[in-house]
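Read through the structure below, which is laid out as structure tokens, and then see the notes.
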Amino acid sequence: MSATSTAYLARPGRPAVVARTLRELTGPTRGIVELPVRLMWSSERAFDLADPDDLLWMYENVLRETSRVEDLRELIDGATLRRVWPLLNLPRAVRLAWESRHRGLRTA
């Protein structure tokens, strides 16, 4: 988990996890991605990254539910995250945690 000066909670009892840099986020940019059960409890855990709604839904789930930086590195692409950032429906604390670490996201 990346430390920030303020503790931001993704939800009660769960700190938001933020990557140190966007460059380290080298997740897939195309194809079908199936999230592990720890990130998505539904039986429908496969996301087609060519479908804009699927892409947003997957990113929202990963950013909200992860407790491991490794998940971010494996599932999120830094350039894609910057592109879709304004469209993501995230808990306020998750958004604040990411924007406090990556100030460029505020203007993305």
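Everything numeric here is computed off the predicted structure, so don't read it as measured data. Computation of the quantities below employed the complete heavy-atom set of this structure, encompassing side-chain atoms and omitting hydrogens, waters and symmetry-equivalent molecules.
How far CZ of Arg101 is from CG of Leu22: 10.5 Å, rounded to the nearest 0.5 Å. From Leu35, atom CG reaches atom CH2 of Trp41 across 11.0 Å, with rounding to the nearest 0.5 Å. Here NE2 of His102 is found 7.0 Å from OG1 of Thr21. Values are rounded to the nearest 0.5 Å. Once rounded to the nearest 0.5 Å, the distance linking CG of Leu75 with OG1 of Thr26 reads 10.0 Å. The distance from the CG atom of Leu63 to the CG atom of Leu72 is 6.5 Å, given to the nearest 0.5 Å. Taking CG of Asp51 as the start and CG of Leu56 as the end, the distance is 9.0 Å to the nearest 0.5 Å.
Residues Arg45 and Ser42 approach most closely at CG-O, 2.8 Å, considering heavy atoms. What you find for Ala46 and Asp54 is that their closest heavy atoms are O-OD2, 4.4 Å. Smallest separation of non-hydrogen atoms from Leu25 and Ala19: CD2-CB, 3.6 Å.
With sequence neighbours left out, Asp71 forms a salt bridge (Lys or Arg N to Asp or Glu O under 4.0 Å) with Arg38, Arg68. With sequence neighbours left out, Pro52 forms a side-chain contact (heavy atoms from CB on, under 4.5 Å) with no residue at all.
Side-chain atoms of Glu65 do not come within 3.5 Å of backbone N or O of Val62 as any donor-acceptor pair. Remark: side-chain polar atoms of Tyr59 are paired, donor with acceptor, to backbone N or O of Asp77 under 3.5 angstrom.
Within a 6.0 Å radius of CD in Glu44, no more than 12 heavy atoms belonging to other residues, nucleotides or ligands are found.
No chain of hydrophobic side-chain contacts below 4.5 Å, direct or via other Ile, Leu, Val, Met, Phe, Trp or Tyr residues, connects Ile32 to Met58.
At least one side-chain heavy atom of Leu55 sits under 4.5 Å from a side-chain heavy atom of Arg83. Side-chain contact check for Leu39 versus Asn61: every heavy-atom pair is 4.5 Å or farther apart. By the 4.5 Å heavy-atom criterion applied to side chains, Glu34 and Phe47 are not counted as neighbours.
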Do any side-chain atoms of residues 90-99 form donor-acceptor pairs under 3.5 angstrom with protein atoms, and if so which ones, sequence neighbours left out?
unit_1: Arg95; atom_1: NH1; unit_2: Trp85; atom_2: O; d: 3.4
unit_1: Arg95; atom_1: NH2; unit_2: Leu88; atom_2: O; d: 2.4
unit_1: Trp98; atom_1: NE1; unit_2: Val17; atom_2: O; d: 3.3
unit_1: Glu99; atom_1: OE2; unit_2: Trp85; atom_2: NE1; d: 2.8

